[in-house]
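Reminder, nothing fancy here: chain letters follow the sequence lines and each chain counts from 1. When reading the values below, keep in mind they use all heavy atoms of this one structure, side chains included, and skip hydrogens, waters and symmetry mates.
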Amino acid sequence: MANSNLPRRIIKETQRLLSEPAPGISASPSEENMRYFNVMILGPSQSPYEGGVFKLELFLPEEYPMAAPKLGRICLDILKDKWSPALQIRTVLLSIQALLSAPNPDDPLSENIAKHWKANETEAVETAKEWTHLYASGE
Amino acid sequence: MGISLSRRRPNNHHHPQNPSSQLSSSYPTDQPSSSSSTPNYVFAANAPYSYSHPPQNSYPHPPAPPLPPQYYQYNTCGVGMNNRLNFYPPSYYYGSQNNNNNGWHGIRPPPMVSQTPVVPVPYVDHQMAKKIRNDVNVHKDTIKIEADEENMEGLLVSLTLDALVDGSITIIYFAKEGVDCSFTPLYPDARMLVRVPFQKGLGQKFRQPSGTGVDLGFFELDDLSKPSPGEDVFPLVILAEACLPLPLSDEQFDHPRPATSNAQITQAIIEKNSAGAFQAKVIKQILWVDGVRYELREIYGIGKSSETSFDDSDPGKECVICMSEPKDTAVLPCRHMCMCSECAKELRLQTNKCPICRQPIEELIEIRVNKVDQ
Ligand SMILES: [Zn+2]
Ligand SMILES: [Zn+2]
């Protein structure tokens, strides 16, 4: 039911995610509801998250792409006030992956987070390593 | 800066950087009301302003006061010029009349703006692009300043142009723009103005004849590398005129350009590259068509959508929102061509920010690139 009337864009995005997956990222739609995606992002090498696998659930609301995908409690500005319909599932997941590896303070898409990361880098890296160890190892 | 270059300056003439600020204060200040839309707005974006604003030649001096963009085009060259896509990446523009000083000085996309509170705009003009036929087109990226092998002092201008008709290229160093696209050399030295005829042909190479070049060493690099503060004088102006090679006389440049003539004017500055060679950098291109002056602006993202017919699987051509329809709508003032018209309308109900750069949307302009019509 939920899969009828699926917008063309969602079908296309899904096809492209499956046929050309971004390295270290997998996203597959749930069979019951094509607006639900099970996402796995590998902790980037040379990052505090290396060796970790991050599992996420992504949901495309009815208003998508005018509204951002829903991604649990991930704090990312492009999922909030900086969302643009020109962004896609792929770009959102790449942004998360990029945040995991090294926040780029010059990337306007993740400006706020990068700023925060810069300010508290040592602390954040430690926390991240700890969490990776605790929650995301040996999936 | 440029000490080694500056030997002497042509004497008893104005300094090229002479500002025209005294003149500009006397401009009429009546701005056209942007709310004066008329029903035929959709097909002729210039309609409201032509009626509500005095013609440009009633202004005593350039530059005219800044106006909102009002003229658009999507194909500078008319139907016959579609062939030139074989030669060169297509250049599409929207033009806006006499908008000197409107804040655009370069050709690069504006930087991503940081988040600032923006009052939502309840209504944004959604216009259809107006098509303007231009018989001559100088490819702005091809303009070079080369050494003259037979006369090492002189430097020659070379370029690539498309011409649907015979015409002429006039190269003027330090030309001042006057009323109705008239251009006057600031220095009446014969070398400062060179006119060369060309025959029609697409993608043709043009080179100023040997021996007619100018020794740019006469000028301060500082003067060559920027326009006058009012942007009415540019160090290098290239007039590409269709038809009617008029007799060469300085006087004619003081007169307003006839409305029947068609010309493309390229205004450039001259810089030195790292190897010490002069190079031209185009700042502005202007069209003179049917007695109207259009300033050319590139639309970002339009090239891909115009290459061939729309292919459903090419992400470069599809609307970034629905990913289904070809993109045909550009956002102004940032000039990002990124949406189909339906999504553009829907977007406007949700936000006033460009999907690509998040700058506030002032206008949407629909540009049908795939339809080849008369
Ligand atoms: Zn669309
Ligand atoms: Zn934009």
query = Pick from B:Leu349, B:Thr351, B:Leu347: which one makes a side-chain contact (heavy atoms from CB on, under 4.5 Å) with A:Met66?
reply = B:Leu347
ask   = Which bit of B:Cys338 is near chain A, if near means a heavy-atom gap under 4.5 Å: side chain, backbone, both or neither?
value = neither
ask   = Does atom CD of B:Gln279 have more than 12 heavy-atom neighbours from other groups under 6.0 Å away?
value = yes
query = Checking heavy atoms, do the side chain of A:Pro7, its backbone, both or neither come under 4.5 Å from chain B?
reply = neither
note = CD (B:Gln350) and CD (A:Glu63) are apart, to the nearest 0.5 Å, by 8.0 Å
task = Look up atom CE in B:Met323 and atom CZ in A:Arg16, then write down how far apart they are to the nearest 0.5 Å.
result = 4.0 Å
ask   = Is a donor on one side and an acceptor on the other found under 3.5 Å between the side chain of A:Arg9 and the backbone of B:Ile321?
value = yes
query = What's the shortest heavy-atom distance between B:Arg358 and A:Ile78, and which atoms?
reply = NH2-CG2, 4.0 Å
note = Closest non-hydrogen contact found for B:Pro355 with A:Ala86 is O-CB, 3.5 Å
